[in-house]
*Asks:* 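Provided herewith is a single structure, encoded as structure tokens, for subsequent inquiry.
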Number of protein chains: 2
Amino acid sequence: MVVDEEAADRLFHALADTTRRDILRRSIEGEPSVSRLAELYPMSFAAVQKHVAVLERAGLVTKTRHGREQRVRTDPDGVRRARQALDHLEALWRGRVDRMVDLLAEPAGTSGPDEPKETDR
Amino acid sequence: MVVDEEAADRLFHALADTTRRDILRRSIEGEPSVSRLAELYPMSFAAVQKHVAVLERAGLVTKTRHGREQRVRTDPDGVRRARQALDHLEALWRGRVDRMVDLLAEPAGTSGPDEPKETDR
DNA sequence: CTAACGTACAACCAAATGGTTGTAGATGAA
DNA sequence: TTCATCTACAACCATTTGGTTGTACGTTAG
């Protein structure tokens with residue numbers, strides 16, 4: 001499996017917050033310190049610190065000491081892992097569509113009937 | 001903007017749960033009724049019903065009445081919207097890398113210095 | 001008609017989330 | 001050294017989440 005389920009939980013949970021997504025964007029463009037980030041949002045430093053921690057546990061950002069500050073940088077692999085999970089879902093979808101196309105393309109009566117009335121679902 | 005922030009919150013939140021992602025997968029492959037789904041997980045019917053509701057509010061699945069049951073089907077557009085949000089993040093990342101490459105490619109001393117020591121961050 | 005099934009929804013509860021304040025440890029500047 | 005800055009983390013609180021049970025309603029099968 002590409003990412004195990006718990007990791008996927010952490011990943012998507014980390015992404016499921018406007019502030020955290022914004023932190024992620026700003027940490028892509030620059031490499032802000034935690035206190036620089038904290039200035040941007042209408043909440044305490046500690047709150048922003050927690051958001052960064054969530055992103056870090058999800059593997060979306062890393063922190064590196066730089067003097068007395070801690071700079072936040074996004075980990076492109078983290079974003080890529082999230083995309084892979086969605087890619088997998090889309091692949092499933094495409095697979096299903098392909099199978100439906102196959103059924104339609106099949107000469108009538110080759111195998112079992114497509115919908116034997118209301119089978120058992 | 002591709003998806004507004006609140007919609008993105010709902011989207012990623014809906015994806016941030018193993019059971020919900022599994023429901024999504026099964027609703028891609030088949031088109032199970034809510035009670036069929038409920039049989040699959042170690043929780044009550046009502047709990048599964050709530051999970052489906054979360055997916056529905058996120059625009060990831062739709063329900064359609066079919067006799068007395070309600071079949072769940074995933075909405076491929078929903079998954080695509082989630083991917084677009086991540087695509088955007090990756091584009092930002094690529095943009096940053098490109099800009100760094102530009103700086104490196106720039107003949108020395110053309111514009112301002114890259115890092116004037118430890119400016120003000 | 002009656003019974004069984006599938007669903008919807010309210011009320012409730014424990015645990016997690018997102019925020020706060022306060023305290024304390026490192027580090028850099030004066 | 002001393003002071004201001006940046007960070008870490010604990011303790012606390014309100015709200016949301018994810019689960020439960022119970023009740024009610026529409027639909028299909030006998």
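In what follows, chains are A, B, ... by sequence order, proteins preceding strands, each numbered from 1.
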*Asks:* Return the set of residues passing side-chain hydrogen bond (donor to acceptor under 3.5 Å, both in side chains) with Asp87(B) (not counting sequence neighbours), or none when no residue passes.
*Replies:*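 So Asp87(B) forms a side-chain hydrogen bond (donor to acceptor under 3.5 Å, both in side chains) with Arg83(A).
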*Asks:* What is the distance from CZ of Arg36(B) to C1' of dT7(C), rounded to the nearest Å?
*Replies:*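 Rounded to whole Å, this separation is 15 Å.
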*Asks:* Rounding to a whole Å, what distance do you find between Leu15(B):CG and dT17(D):P?
*Replies:*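 After rounding, the gap between these two atoms is 15 Å.
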*Asks:* With a 4.5 Å cut-off on side-chain heavy atoms, are Phe12(A) and Leu86(A) touching?
*Replies:*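 Sidechains of Phe12(A) and Leu86(A): in contact.
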*Asks:* Can a side chain N or O of His13(B) be found less than 4.0 Å away from OP1 or OP2 on dG18(C)?
*Replies:*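 No, because none of the side-chain N or O atoms of His13(B) sits under 4.0 Å from OP1 or OP2 of dG18(C).
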*Asks:* Rounded to whole angstroms, how far apart are CZ on Arg57(B) and C1' on dC9(C)?
*Replies:*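 That distance rounds to 13 Å.
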*Asks:* At what angle, to 10 degrees, do the two end axes of the helix from dC1(C)-dG30(D) to dA30(C)-dT1(D) meet, given five pairs define each axis?
*Replies:*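 Roughly 30°, once rounded to the nearest ten degrees.
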*Asks:* What is the distance, to the nearest angstrom, from the CG atom on Leu37(A) to the C1' atom on dT7(D)?
*Replies:*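 From Leu37(A) CG to dT7(D) C1': 13 Å.
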*Asks:* How does protein contact run along nucleotides 24-30 of chain C, one letter per nucleotide 5' to 3', with B for base contact, S for sugar-phosphate only, - for none, heavy atoms under 4.0 Å?
*Replies:* ---BB--
*Asks:* Val52(A) versus Gln70(A): any side-chain heavy-atom pair under 4.5 Å?
*Replies:*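 Answer no - side chains too far apart.
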*Asks:* Rounded off to whole Å, could you give me the CZ-to-C1' distance for the Arg20(A) and dG18(C) pair?
*Replies:*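 Between C1' of dG18(C) and CZ of Arg20(A): 9 Å.
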*Asks:* Rounded to the Å, how far apart are Asp9(A) CG and dT17(C) P?
*Replies:*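 Between P of dT17(C) and CG of Asp9(A): 10 Å.
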*Asks:* Do Leu15(A) and Leu37(A) sit in the same hydrophobic cluster, where Ile, Leu, Val, Met, Phe, Trp and Tyr count as joined when their side-chain heavy atoms come under 4.5 Å apart?
*Replies:*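 Cluster IDs for Leu15(A) and Leu37(A) match.
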*Asks:* How many whole angstroms separate atom CG of Asp17(B) from atom C1' of dT17(C)?
*Replies:*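 Result: 15 Å.
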*Asks:* Taking 4.0 angstrom as the limit, do Arg81(A) and Asp77(A) come out as a salt bridge?
*Replies:*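 Judged by the 4.0 Å cut-off on N to carboxylate O distance, Arg81(A) and Asp77(A) do not form a salt bridge.
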*Asks:* State which residues pass side-chain hydrogen bond (donor to acceptor under 3.5 Å, both in side chains) with His51(B); sequence neighbours excluded, sorted by chain then number.
*Replies:*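 Only Arg20(B) meet the side-chain hydrogen bond (donor to acceptor under 3.5 Å, both in side chains) criterion with His51(B).
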*Asks:* Quick check: do Thr19(A) and Asp22(A) have side-chain heavy atoms less than 4.5 Å from each other?
*Replies:*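 Thr19(A) does not reach Asp22(A) side chain to side chain.
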*Asks:* Nearest whole angstrom, please: distance from the P of dT28(D) to the CD of Gln70(B).
*Replies:*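 My rounded result for the distance is 13 Å.
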*Asks:* Which pairs count as salt bridge (charged side-chain N to carboxylate O under 4.0 Å, His left out) when at least one residue sits in residues 46-67 of chain B, sequence neighbours excluded?
*Replies:*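 Found Glu56(B)-Lys63(B).
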*Asks:* Report yes if at least one side-chain N or O of Ser35(B) is closer than 4.0 Å to OP1 or OP2 of dC5(C); otherwise report no.
*Replies:*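 Checking dC5(C) against Ser35(B), no side-chain N or O comes under 4.0 Å of OP1 or OP2.
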*Asks:* Can you list, by residue number, the residues of residues 40-52 of chain A that have a non-hydrogen atom closer than 4.0 angstrom to DNA chain C?
*Replies:*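 Heavy-atom cutoff 4.0 Å gives Met43(A), Ser44(A), Ala46(A), Ala47(A), Lys50(A), His51(A).
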*Asks:* Heavy-atom distance under 4.5 Å between the side chains of Val79(B) and Leu60(B), does that happen here?
*Replies:*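 Heavy-atom side-chain distance check passes, below 4.5 Å.
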*Asks:* Can you name the one residue among Asp75(B), Ile23(B), Leu24(B) that meets side-chain contact (heavy atoms from CB on, under 4.5 Å) with Val61(B)?
*Replies:*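 Result for side-chain contact (heavy atoms from CB on, under 4.5 Å) with Val61(B): Leu24(B).
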*Asks:* Do any N or O atoms from the side chain of Arg21(A) and from the backbone of Glu5(B) form a donor-acceptor pair under 3.5 angstrom?
*Replies:*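 Yes, Arg21(A) side chain to Glu5(B) backbone: donor-acceptor pair under 3.5 Å.
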